[in-house]
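Sequential numbering from 1 along the given sequence is applied to the chain's residues. This structure is a prediction, so every number in the text was calculated from the model and none was measured.
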Amino acid sequence: MEEKIKYNALLFDTRSIQWYIYSGNLLRTNIGASYIVDRIFFDILVKETLENFFEEDDFSSAEDTVWDAAKDIETPWENMKSCCVAYIGGGNALILFDSAKEDKRCEVVKDFSLKLLEKRPGLKIGVALGELNIIDGKLNQDDISELYSELKNNQNNIFPAVNVPYTGLTLSCEIDGEAANFCDSEKIVKPNDEIRFYSQETAVKAKISKVANENLKARFNKIFKLKNSSVRMEEWEFPTKVDELGQKDGENYFAIIHIDGNNMGVKFRSCKNLQERRKLSREIRRKTEGAFADLLLKIIAAKTENLFADILDLKNEKILPIRPLILGGDDVTFICPANMAILFTKTLMEILNEETPKNSPENLTQEVSRKMDCCAGVAILPTAYPFFRGYVLAEQLCDAAKESMRAEKNISSWLDFAILHGEQAPTLEQIREREYTGARGNLHFGPYQVGNEKKSRYNIENLLSCTTQFPYVMTQGKIKELRGILQRGKDDTAKFLQQLEVQGQKLPVVPNWETCITDLLWSTENSPRTPYVDAIELMDFYSPEVAEKWKNLK
């Protein structure tokens, strides 16, 4: 006879995360907002709501102990008295309640919502109420699907108001545009500025940014120790301002990078029970954080060897030229100097794609978590560019990379990038149409594949090889002229190539492009496009000399 256990359930999610984190151009508030989103269920839902409502229950399994692999197999619902946290991860929290006892789900939601309004203004949370049935230890997948469907339905129909309304007579906050109802007498938001009024949301984000930095350093310290590294984060600092990333005078650009794992929904739907889902969520987070820690160790090694001395201007020797903003699950967002963006992104994607050994500190027991294919969007922007719009562009680029991945009909890692010069069209589609469409077709050749088959014409290595060769085979004047010629017709291209030959100059030799660049520097496969504009534009944001030394770092 089958054993069936029914639980009442609450499924929470965090809404409008991107807007909440990136709505202001002050990095300090972006950092604080990211930490709030990452910790909201641990710090408020569990610590201040559930522990008060259900004092008889033990919520120690809900602590952020993702690097303690022994806790992966915990099943808190088996030992709960009235309530337990099934899992927290990926922006969701699943809370289970004993269905035989008084139903307090609505009271929990009300209490949690009120605490958010008071302590985390501006943050929007969604919730779905439902039931979960465990049959012979296995989760009924239809119940989970129904909960997520209800959550999505609520998201489309319920629009919570979480900020003090702007009346028109109220001063607006210069950071996020909300009502400026907080007097920053302690100069929390801008320490070196005069006393100003800001929104409560901005003030909370800025205040928490210090805790966020300390927490981030502590996390990586722990990971470094587990990886037997002698590096300690006490010796290093993450930037708290965009202009601290290392931009030189006259090179006023930085990059926002968004990376997202491929087919993660499919991987989670394959889980047979709550324990598997919880374990997979924790292992994927360890994979991501461990990969980013490896990137950090390489950056620190490069700084120690003065690898960035000629291309970055880091005012403080302790500051690292990178700052993660979102680092959880399969979702990663970070900022860095524009001329390091492709190198850092490519390296992180390669680490994620590399299979982590079973005996590694990450303790990854499942194949789907040991090797993570992903896609990335790299938005290279002027420092003063609106942060939220920059992030949206990075997300759109990531989506474009995923489209290429799906078109190839095999799971692989892809990257797309865009370089903005001043104010341009708001969407990637409009930018490509207005700025990267010539008389003969598309001036953008990407997205580009990272790793896997290097013989692919779309492999990022081909693009970087072309960018590296350009200064050695053509003069700067001719390279600039080529950029303009590619926007014109065939006759202009033919004349340019003849002139190039007469002057003893030539195009870079990229073997994997020879079979596709068959029509005067253009590929006619699928749709007409040329790879040379991408290679030319990347010259200002890629250093072959640094990249060569970077490969040899341990």
Side-chain angles (χ1 to χ4, degrees), residues 11-14 17 34 37-42 61-75 85-94 139 141 144 148 216 219-220 222-223 226-227 257-296 324-334 345 347-376 398 401-402 405 411-414 450-451:
L11 179 63
F12 290 93
D13 77 334
T14 314
I17 292 176
S34 175
V37 168
D38 187 50
R39 297 288 310 176
I40 191 65
F41 296 124
F42 295 110
S61 62
E63 294 291 335
D64 190 2
T65 55
V66 72
W67 278 88
D68 186 353
K71 295 186 179 292
D72 289 351
I73 58 174
E74 287 187 347
T75 52
V85 178
Y87 67 81
I88 294 174
N92 296 124
L94 177 63
L139 172 68
Q141 291 291 348
I144 278 284
Y148 275 97
L216 187 65
R219 279 165 67 187
F220 283 118
K222 182 174 183 177
I223 299 171
L226 289 170
K227 288 178 175 288
I257 295 92
H258 176 67
I259 299 177
D260 193 34
N262 295 332
N263 297 327
M264 299 308 296
V266 175
K267 295 176 182 179
F268 276 100
R269 282 195 293 273
S270 67
C271 296
K272 297 181 179 63
N273 52 50
L274 279 179
Q275 186 178 348
E276 285 187 16
R277 181 176 281 265
R278 171 190 172 93
K279 185 176 181 180
L280 180 58
S281 176
R282 289 166 64 86
E283 287 195 1
I284 287 174
R285 180 160 182 172
R286 290 203 296 273
K287 171 69 175 181
T288 304
E289 290 186 355
F292 203 92
D294 289 337
L295 174 62
L296 277 182
L325 291 174
I326 296 178
L327 188 57
D330 65 312
D331 196 7
V332 177
T333 303
F334 66 93
T345 305
T347 300
L348 181 56
M349 293 177 73
E350 289 169 345
I351 296 170
L352 287 168
N353 195 42
E354 185 179 342
E355 186 163 348
T356 304
K358 290 183 180 180
N359 61 348
S360 68
E362 285 84 349
N363 282 293
L364 307 180
T365 63
Q366 304 171 78
E367 186 177 350
V368 292
S369 58
R370 286 202 301 272
K371 181 178 170 65
M372 187 186 296
D373 294 285
C374 56
C375 289
C398 185
K402 282 183 179 284
M405 180 268 293
I411 299 175
S412 51
S413 296
W414 289 74
V450 178

Working to the nearest 0.5 angstrom, can you tell me the gap between [X] [atom1] and [Y] [atom2]?
X: I351; Y: T288; atom1: CD1; atom2: OG1; answer: 11.5 Å
X: I40; Y: T14; atom1: CD1; atom2: OG1; answer: 7.5 Å
X: L226; Y: W67; atom1: CG; atom2: CH2; answer: 6.5 Å
X: L352; Y: I284; atom1: CG; atom2: CD1; answer: 11.0 Å
X: L296; Y: L216; atom1: CG; atom2: CG; answer: 8.0 Å
X: T65; Y: E74; atom1: OG1; atom2: CD; answer: 6.5 Å

Please report the closest heavy-atom contact between [X] and [Y], naming both atoms and the distance.
X: S270; Y: K267; value: OG-O, 2.5 Å
X: S412; Y: C375; value: O-SG, 4.4 Å
X: N92; Y: F41; value: C-CE1, 4.0 Å
X: T345; Y: I257; value: OG1-CG1, 3.3 Å
X: K287; Y: T356; value: NZ-OG1, 2.7 Å
X: M349; Y: A376; value: SD-CB, 3.6 Å

* Hey, mind stepping through R285 and D38 against salt bridge (charged side-chain N to carboxylate O under 4.0 Å, His left out) and telling me if it holds? -> CA-CA 12 Å; R285 180 160 182 172; D38 187 50; 3.4 Å; yes
* Salt bridge or not for R370 and E355, using N-O below 4.0 Å? -> yes
* **Residues E362 and K227 bridged, charged N to O under 4.0 Å** =>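 Salt bridge flag = yes for K227 with E362.
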Got a donor-acceptor contact below 3.5 angstrom from the [X] side chain to the [Y] backbone?
X: S281; Y: R277; result: no
X: R282; Y: I73; result: no
X: D331; Y: D260; result: no
X: E283; Y: T365; result: yes

* Pair D373-M405, side-chain contact (heavy atoms from CB on, under 4.5 Å): steps then yes or no -> CA-CA 10 Å; D373 294 285; M405 180 268 293; over 6 Å; no
[Y] and [X], any side-chain heavy atoms less than 4.5 Å apart:
X: I223; Y: P361; answer: no
X: D68; Y: E63; answer: no
X: L280; Y: S369; answer: yes
X: E276; Y: Q366; answer: no
X: I326; Y: H258; answer: no
X: N262; Y: W414; answer: no
X: V450; Y: N353; answer: no

* Evaluate salt bridge (charged side-chain N to carboxylate O under 4.0 Å, His left out) for D72 paired with R286, printing each intermediate quantity in order. => CA-CA 11 Å; D72 289 351; R286 290 203 296 273; 2.7 Å; yes
* Determine the interplanar angle of the F334 and F292 rings, folded into 0 to 90°, and report it as parallel if under 30°, tilted if 30 to 60°, perpendicular if over 60°. =>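 Perpendicular, since the angle between the ring planes exceeds 60°.
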* Residue pair D13, Y148: steps toward the side-chain contact (heavy atoms from CB on, under 4.5 Å) verdict -> CA-CA 10 Å; D13 77 334; Y148 275 97; over 6 Å; no
* Evaluate side-chain contact (heavy atoms from CB on, under 4.5 Å) for I144 paired with F268, printing each intermediate quantity in order. => CA-CA 11 Å; I144 278 284; F268 276 100; over 6 Å; no
